[in-house]
Amino acid sequence: MTAPFPFDPESIRPDFPLLQQVVNGQQLVYLDNASTTQKPEAVIEAICHYYRCDNANVHRGSYALSDRATCRFEQARLRVQRFINAACQEEIIWTRGTTEGINLVAQCYGGQVLKAGDVVLAPTMEHHANIVPWQMIAARQGATLKAVPVSNQGEIDLDAFAALLKDNPVKIVSCAHVCNSLGTVNPIETIIKMAHAEGAMVMIDGAQGISHWPVDVQALDVDFYAFSGHKMFGPTGIGVLYAKKELLDAMPPFMGGGEMIENVTFAKTIYNHLPFKFEAGTPNIAGAIGLAAAIDYLNQLDRKATAAHEASLLAYTQERAHDCDGLIPISRAKHMAGAFSFNIEGAHPSDVGMLLDQQAIAVRTGQHCAQPVMDQYCIPGTVRASFSIYNTHAEVDRLFEAIEKVKMFI
């Protein structure tokens with residue numbers, strides 16, 4: 001095999017206006033990409049162009065502006081379909097983000113299939129958005145949410161998962177593609193096969209995976225896959241739920257209102273066909289157009305090369321951490337992507353984050369909406385540095401230089 005052409009992050013940094021700014025008198029080092037990625041000029045311009053030139057509601061007007069807006073909006077859906085290799089556009093549902101996608105599946109699918117005594121499985125490392133919706137629907141249906149154990153290395157215990165599948169009436173397994181708090185890349189191909197073998201459906205939280213490498217939902221044979229635009233260089237407030245068409249056809253709508261109906265009387269409502277059955281009200285038109293621009297931006301890059309670059313950043317960070325006295329890595333998973341969580345001995349994570357910010361290093365601190373796994377490690381939270389395609393090895397050096405200064409104040 002030919003090695004991917006080396007990727008130079010400096011070649012794309014000028015595309016991201018925010019990265020050029022100075023904070024506290026120093027050049028910004030942005031290392032909070034697991035929270036949200038920065039936006040390239042192409043995405044910003046696509047959104048501005050819509051508001052300047054095409055601003056109108058979609059699927060409703062009989063005039064040129066509405067026709068243009070509708071065309072661009074539905075072209076965005078087609079871009080997403082091709083980006084994740086869904087079988088058809090009807091399998092692409094617009095949401096506000098991953099959280100809404102998971103809630104939609106929990107309420108509309110879980111609300112149909114879960115009965116008293118049934119079980120939903122989710123790993124201990126999950127984001128709250130992949131725990132709370134299942135607790136809510138389980139409580140309503142008389143079902144139970146059970147945690148799949150995670151090792152102290154930050155990996156799902158597949159033997160325990162297999163036992164839970166065998167010993168319980170499991171209807172749904174919900175799991176992150178990549179753990180937001182630890183950076184663990186979960187073996188979702190294996191998880192999907194194991195769950196399907198026992199008759200369970202699988203929901204994947206793809207928020208942290210979608211920006212790092214191509215996702216092929218048909219090859220995965222995943223039932224549901226949700227992600228957010230803002231974590232893959234698109235705008236906030238727009239997300240995608242992929243689901244197999246036969247599942248969506250059988251599910252009731254998530255919300256009622258305009259667009260999701262075909263016929264309404266006070267006696268009865270007939271719902272619209274897919275995907276509109278799940279898209280009540282005026283959608284985030286500009287957000288969808290911006291997400292399409294983000295996909296176009298990603299598609300022009302060598303995804304193998306960008307993935308290799310991100311992997312090299314993480315490996316370099318782990319190497320530097322190994323030689324940094326007093327730094328405690330939290331996850332030691334074999335397969336990680338995008339994020340490195342750590343603590344400094346004797347310091348609270350929030351204090352470390354504040355001192356790093358004074359040196360223009362932007363990281364996230366706290367529990368990362370993942371309290372159960374923090375409780376497992378018996379820690380109040382972590383400092384998380386998370387990387388994207390525009391980060392550099394020099395920025396990793398800046399991080400560790402800043403950490404050395406932090407250690408002088410604790």
Give the intermediate values and the outcome of side chain to side chain contact (heavy atoms under 4.5 Å, CB included) for residues Gln38 and Leu19.
CA-CA 8 Å; Gln38 297 308 322; Leu19 298 180; 4.0 Å; yes
Take His196 and Asp223 through the test side-chain hydrogen bond (donor to acceptor under 3.5 Å, both in side chains) and record every step on the way to the result.
CA-CA 10 Å; His196 283 174; Asp223 303 297; 2.7 Å; yes
Applying ring pair (Phe, Tyr, Trp, His ring centres under 6.0 Å) to Phe16 and Tyr297, what does each step give before you reach the verdict?
CA-CA 12 Å; Phe16 296 83; Tyr297 185 84; 5.7 Å; yes
Should Tyr390 and Asn33 be marked as a side-chain hydrogen bond (donor to acceptor under 3.5 Å, both in side chains) after you check the CA-CA gap, both sets of side-chain angles, and the distance that decides it?
CA-CA 10 Å; Tyr390 41 63; Asn33 295 284; 2.4 Å; yes
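Taking the six-membered ring for Trp and the full ring otherwise, Phe276 and Phe278 have centroids separated by 6.0 Å or more.
A salt bridge links Arg52 with Glu45: at least one charged nitrogen is closer than 4.0 Å to a carboxylate oxygen. Taking 4.0 Å as the cut-off between side-chain N and carboxylate O, Arg77 and Glu90 do not count as a salt-bridged pair. Using a cut-off of 4.0 Å between Lys/Arg side-chain N and Asp/Glu carboxylate O, Asp397 and Arg320 are scored as salt-bridged. Residues Asp32 and Arg364 are not paired through a salt bridge, judged by the lack of any N-O separation under 4.0 Å between the basic side chain and the carboxylate. Salt bridge annotation for Lys407-Asp325: absent, with no cationic side-chain nitrogen under 4.0 angstrom from a carboxylate oxygen.
Applying the ring pair (Phe, Tyr, Trp, His ring centres under 6.0 Å) rule to Trp134 yields no partners; only residues at least two apart in sequence or on another chain are considered. With sequence neighbours left out, the side-chain hydrogen bond (donor to acceptor under 3.5 Å, both in side chains) criterion links Tyr109 to no other residue. Every residue was checked against the ring pair (Phe, Tyr, Trp, His ring centres under 6.0 Å) condition with Tyr271, not counting sequence neighbours, and none meets it.
Side-chain atoms of Thr382 and Thr365, non-hydrogen and from C-beta on, never get closer than 4.5 Å to each other. Side-chain contact between Glu41 and Asp15: absent, with no pair of heavy atoms (C-beta onward) separated by less than 4.5 Å. The shortest side-chain heavy-atom distance between Arg79 and Asp296 falls under the 4.5 Å cut-off.
Between the side chain of Glu91 and the backbone N or O of Tyr242, no donor-acceptor pair lies under 3.5 Å. Although no hydrogens or angles enter the test, the distance criterion places no donor-acceptor pair under 3.5 Å between the side chain of Ser228 and the main chain of His230. In this structure, the side chain of Asn85 does not engage the main chain of Arg82 through any donor-acceptor pair within 3.5 Å.
Under the side-chain contact (heavy atoms from CB on, under 4.5 Å) test applied with Ile191, the options Leu165, Val148, Val173 reduce to a single match, Val173. Of the residues listed (Trp213, Phe227, Phe224), the one engaging His177 in a ring-ring contact (aromatic ring centres under 6.0 Å, His included) is Trp213, and it is the only one. Remark: of the listed residues Ile361, Asn343, Ile344, Ile344 is the sole one forming a side-chain contact (heavy atoms from CB on, under 4.5 Å) with Val352.
The minimum heavy-atom distance linking Thr98 with Ala207 is given by the pair OG1-CB, 3.4 Å.
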